[in-house]
Amino acid sequence: MRRMDIIRKIGAVTLESVRRMGLMGLFLVKTFLYTLIPPIKFGRVIKQIHFIGVQSSLVILLTGSFSGMVLGFQGYYSLSRFGSDAFLGPMVGLALIKELGPVLSALMVTGRAGSAVAAEIGIMRISEQIDALELMGLNPYRYLIVPNLLAALISVPLLTAIFDVVGIFGGYLIGVKLLGVGAGVYFGEMRHYVEMADVLEGLYKSLSFGVLIAWVSTFKGYYTGILTGFGAEGVSKATTQAVVLCSVLILVWDYFMTSLLF
Amino acid sequence: MIQVEDLHKSFDGHVVLDGISFEIGKGQVVALIGGSGGGKSVLLKHLAGLMKPDKGRVIIDGADLKTLRGGQLRALRDRLGFLFQGGALFDSLTVYENVAFPLREKTKMKEREIREKVLKELELVGLKGAEDKYPSQISGGMVKRAALARALVRDPEIMLFDEPTTGLDPVIGQAILELIDACHKRISFTGIVVTHEIPRIFSYVDRVLMIYEGKLRVNATPQELMRSEDPVVKSFLGY
């Protein structure tokens, strides 16, 4: 009987996991549908662009510049072993534009804005504000979910671009000003080796990360209570799960995108 | 106007509603009473279309809620107001913006007309001067009154009240009940009030429905209820 209990438990957990994945998938499909079919609440979109984009710019500036500076140090000492320190510029540029810029920006936005969005929508769920919206004959997706998706699609690539630029400048500060690589060499070689395809790869990644962040954080908030339990503990669980799941999905999806675009 | 037919609802095997049936006529106000966790709020949410029954039907003006979709459901909800137990005010909007919200989103009224209507509603619920405050800055009683103003601002035909006086002191609770009564006299809505305010609520309603162990134990006028010899009713009323 004990063996049967274990099998039953595994079955129940598997079924519940599949149910939740299905729910998440349907949520994404509905979100896209309401994004494509007007009306769009542009006022809410602007507000969320300010929240997700503008208010994340300081943390992006800080992480971007320090990431670039670390790349400058590590890149120089690695390349100089092979007498290739002249390639510091393209190394920093390619690493940031193709990989570190999109991934680290997305992770910063997840931690800062994704968690806040999940918490806000979660609190609205447990205090019946979402029910109130529905009972006014209004569609909660148009007010809460779609604006976050559009704001993330606009903000995350722009934040990634800022991250790349300050990161490249951080690499310049260390590589050129501190370690003596020629400024013309740094930028000249970067211009020679960084191509439009590399920039587009970073753009596609950041766009898809924007979708992931909006999707996971709004889903977790929207289904607070239903999937995580009610009350403050439910909101806390939803927020934590949003950040963890989003971070993992960003890294996993990054692998698939890299192998696809390689 | 409202018909509930053989309504059944369970959560994780626990039966909450076990074959509830009743009718409410146009313009009537009905109290829904029963023990805590007895299914009163669940029943109310079925009437609002927020939950779907496992079995049975809710029919409003001939329309079965289970069959309504999209535009039809929205059209029904345009005629309905709901006062949530906690108020459910949007906490990032001021009191004024909360009450104006359904007018801005669902009507073509000009901002000047909206302002007039909102300020009038706030005055009627005794919140003149509080329009620029946020929900976190006002008391529980004021939150309920603001939520009531928001629920009534479009003059709904049907009003559902989920424990409108719970958590409030007796004086404020009495004021809320009198407000509901005054609003009913003004716009003649059909109303259902989930409440524990017994026997105070009896002065304000036409009928009383009592849910006990998932079933409808009583469907009577307040006078008939007070004369009931049913031991469960007598025990619940404290006689």
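Below, chain A is the first sequence line, B the second, and so on; all start at residue 1.
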Could you walk me through whether B/Phe101 and A/Leu138 pass the side-chain contact (heavy atoms from CB on, under 4.5 Å) check?
-> CA-CA 11 Å; B/Phe101 189 85; A/Leu138 299 170; 3.3 Å; yes

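- The environment of B/Phe22 atom CZ is dense: over 12 non-hydrogen atoms of other residues, nucleotides or ligands sit within 6.0 angstrom.
- Of the two parts of B/Leu160, neither the backbone nor the side chain holds a non-hydrogen atom closer than 4.5 Å to a non-hydrogen atom of chain A.
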Start with the C-alpha distance between B/Phe90 and A/Tyr143, add both sets of side-chain angles, then the distance that settles ring pair (Phe, Tyr, Trp, His ring centres under 6.0 Å), and finish with yes or no.
-> CA-CA 12 Å; B/Phe90 303 128; A/Tyr143 283 85; 8.5 Å; no

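- Within residues 99-123 of chain A, the residues having any heavy atom under 4.5 Å from a heavy atom of chain B are, by residue number, A/Ile123.
- Within a 6.0 Å sphere centred on CD of B/Glu178, heavy atoms belonging to other residues, nucleotides or ligands number more than 12.
- Across every non-hydrogen atom of A/Gln129 and B/Leu89, the tightest pair is CD-O, 3.3 Å.
- For A/Lys237, the NZ atom is loosely surrounded, since the number of other residues' heavy atoms within 6.0 Å does not exceed 12.
- Note that CZ of B/Arg77 is 11.0 Å distant from CG of A/Leu133, once rounded to the nearest 0.5 Å.
- The 12-atom threshold is exceeded at CZ of B/Phe11, counting heavy atoms of other residues, nucleotides or ligands nearer than 6.0 Å.
- For the atom pair CG of A/Leu135 and CG of B/Asp78, the computed distance is 11.0 Å after rounding to the nearest 0.5 Å.
- In B/Glu111, the CD atom is crowded: over 12 heavy atoms of neighbouring residues, nucleotides or ligands sit closer than 6.0 Å.
- In the displayed structure, B/Lys66 atom NZ is contacted under 6.0 Å by more than 12 heavy atoms of other residues, nucleotides or ligands.
- In this structure, chain A has heavy atoms under 4.5 Å from both the backbone and the side chain of B/Leu80.
- No other option in A/Lys41, A/Met124, A/Glu128 has as many heavy-atom pairs under 4.5 Å with chain B as A/Glu128.
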